[in-house]
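Since this is a predicted model, take the numbers as computed values, not measurements. Note on naming: letters A, B, ... go to the chains in the order of the sequence lines (proteins, then strands), and numbering restarts at 1 for each one.
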There are 2 protein chains.
Amino acid sequence: MSCKNTIMRLSEYRRILCKLKALGFTRVFSDHLAGALDISPALVRKDFSDFGLTGNRKSGYTVDELIEKMNMILRKDKVEPVIVVGCGGIGRALMEYNAFAGEGIRIVAGFDSRPELHDLKGTIPVHDISRLEVYIKGHNIKTAILAVPESSAGDMADFLISRGVTGILNVAPIPLKGYDNCVIRNINFLHELENTIYFASMLDSKQK
Amino acid sequence: MSCKNTIMRLSEYRRILCKLKALGFTRVFSDHLAGALDISPALVRKDFSDFGLTGNRKSGYTVDELIEKMNMILRKDKVEPVIVVGCGGIGRALMEYNAFAGEGIRIVAGFDSRPELHDLKGTIPVHDISRLEVYIKGHNIKTAILAVPESSAGDMADFLISRGVTGILNVAPIPLKGYDNCVIRNINFLHELENTIYFASMLDSKQK
DNA sequence: TAAATATCGATAAATTAATATTCATAATTG
DNA sequence: CAATTATGAATATTAATTTATCGATATTTA
Ligand SMILES: NC(=O)c1ccc[n+]([C@@H]2O[C@H](COP(=O)([O-])OP(=O)(O)OC[C@H]3O[C@@H](n4cnc5c(N)ncnc54)[C@H](O)[C@@H]3O)[C@@H](O)[C@H]2O)c1
Ligand SMILES: NC(=O)c1ccc[n+]([C@@H]2O[C@H](COP(=O)([O-])OP(=O)(O)OC[C@H]3O[C@@H](n4cnc5c(N)ncnc54)[C@H](O)[C@@H]3O)[C@@H](O)[C@H]2O)c1
């Protein structure tokens, strides 16, 4: 039915729709959204139809309605509490990234093994890693960003899963596998860069 | 012939192969690599064959040979200089991320408009944004990480491209489009998180 | 040395994803 | 009010990616 990529695009549609709404637009056409995402209008319509997002012939889709329904699909009706495990360079950047807040995602706490990073008074407290288990249970945490060194990533993921976490965004450079009780999404900056460099060098050789 | 995803997997294969080599392995089978990446052995063999990476029936592939050839494909024969534009939270984390260094990627400089971030004495200097053009030309920079606020991202990308940059890794939450003279890869943490949360909630409803 | 076996390599099949086409219809226009 | 037009919805087509199949052949073993 709907492919994996559709969900990622739904996030992208939604972001653009919010901007259009802020600009005062009330209606939008598949062709416009397609242009913004660099895809075909047919794909926009197909994505929408897969999720029962309907429009009107001749007058397109209603911005408000799309946003509202997408919020439901993407579980934006409630704020999702997220923890950050590993508060070093990238973990800290993500904790301090305030764009999540306006988008229904709230980073509620960080956890680290290094005592000098602990800070229970800050806007977002950083606890000792030993408090992780109690915290997850006490706050019913389902989602975690994993930003520990590669050597700990696998064990930490297992721990999180065993304690009830069902979604992990992993930035450690090791491809962790999801299971039937947890989704894991891996982001590897090194590979993203390598990929960029590869395709850039392909451009070069093509243009010659 | 070879699909886009193949290149991304090549990076993943390579990373695993380097670890195997460090552990003393000299040979590897498609089945092993497939397990590590959670794909089928057939895909491993197909990926390899697309790039002329051959093995021996019965005795698999030679680790050294694979690494060497992958290094060629991924342009690892020389160190790629990369600049970071926007040295705030995430830009700084990426600059200080030392895992790039050992992988043929060297972050050579940062650029920011905020004077308090300028630092010409550090391991990786941070210049004023006004020096960007001269630096790119002087050092023949082809690759940039773009970590400025969304409002500047489009203009900054255009500027980089006009000055000869051919590969951009963009972390600002706006999908920038590549052109025929530059590859742009967008990473959007918010969307990655939304995606994770969505599929996690799907797991829940499936298991009930 | 012959038989058994594991694995690659090539190709075919299946699956997934994206695009094109066609048709129905709401809005617009004359 | 009929004709025109732009658009969504549904379906068909094409493309892309992944997986499965199967023959060939190194390696191992008896
Ligand atoms: N910094 C980046 O820009 C960047 C980019 C891509 C990937 N990464 C990856 O992200 C991860 C974190 O990178 P970083 O640069 O922030 O490293 P870092 O060393 O600055 O931070 C890692 C943090 O994890 C903590 N930690 C280690 N083991 C732990 C454990 N078992 N439990 C809890 N906390 C633990 C450490 O105390 C440290 O504060 C690494 O896997 C790295 O490879 C980082
Ligand atoms: N911090 C994160 O974890 C995170 C995560 C995902 C995405 N992002 C995105 O990455 C980008 C940077 O985020 P951040 O948290 O580091 O923000 P930040 O405000 O800390 O850093 C942005 C930096 O860019 C500089 N800057 C602004 N305009 C500039 C220009 N025209 N030329 C040069 N420098 C300029 C600012 O001085 C600042 O230092 C943003 O687009 C943000 O949405 C950040």
Any luck finding a side-chain donor-acceptor pair between Arg14(A) and Asn71(A) under 3.5 Å? yes
Compare side-chain N and O positions of Tyr61(B) against OP1 and OP2 of dG9(C) and report whether any pair is under 4.0 Å apart. yes
Ser30(A) side chain near dG8(D) phosphate (N/O to OP1/OP2, under 4.0 Å): yes
Could you give the CD-to-P distance, from Glu65(B) to dC8(C), as a whole number of Å? 13 Å
Under 4.0 angstrom, heavy atoms only, what part of the nucleic acid is Phe48(B) near: base, sugar-phosphate, or nothing? nothing
Report the C-alpha distance between Lys78(A) and Glu80(A) in whole Å, list the side-chain angles of each, state the deciding distance to 0.1 Å, and finish with yes or no for salt bridge (Lys or Arg N to Asp or Glu O under 4.0 Å). CA-CA 6 Å; Lys78(A) 60 175 177 47; Glu80(A) 178 76 24; 3.4 Å; yes
5'-most contact on DNA chain C: Asn5(A) or Asp31(B), nearest heavy atom basis? Asp31(B)
What's the NZ-C1' distance between Lys58(A) and dA27(C), to the nearest Å? 6 Å
Comparing Arg57(A) and Arg9(A) on DNA chain C - which has the more 5′ nearest nucleotide: Arg9(A)
Any base atoms under 4.0 Å from Lys46(B), or only sugar-phosphate, or nothing? Heavy atoms, all strands. base
When all nucleic acid strands are considered with a 4.0 Å heavy-atom cut-off, which category describes Thr54(B): base, sugar-phosphate, or nothing? sugar-phosphate
Let me know the distance between CD1 of Ile7(B) and C1' of dA16(D), rounded to the nearest Å. 15 Å
Let me know the distance between CZ of Phe29(A) and P of dA26(C), rounded to the nearest Å. 15 Å
Looking only at side-chain N and O atoms, does Asn195(B) offer a donor or acceptor that is under 3.5 Å from a partner on Arg185(A)? yes
Between atom CD1 in Ile39(B) and atom C1' in dA16(D), what is the gap in whole Å? 16 Å
Using a heavy-atom cut-off of under 4.0 Å over every strand shown, decide if Arg27(B) touches base, sugar-phosphate, or nothing. nothing
Separation of dG8(D) atom P from Leu43(A) atom CG, nearest Å, is 14 Å
Whole angstrom value for the distance that separates C1' of dA18(C) from NZ of Lys4(B): 13 Å
Salt-bridge criterion met for Lys19(A) and Glu150(B) (N-O under 4.0 Å): yes
Salt-bridge present (Arg15(A), Glu194(B); N to O < 4.0 Å): no
Examine dG9(C): is either OP1 or OP2 under 4.0 Å from a nitrogen or oxygen in the side chain of Arg45(B)? Give yes or no. no
What's the CG-P distance between Leu53(B) and dG9(C), to the nearest Å? 9 Å
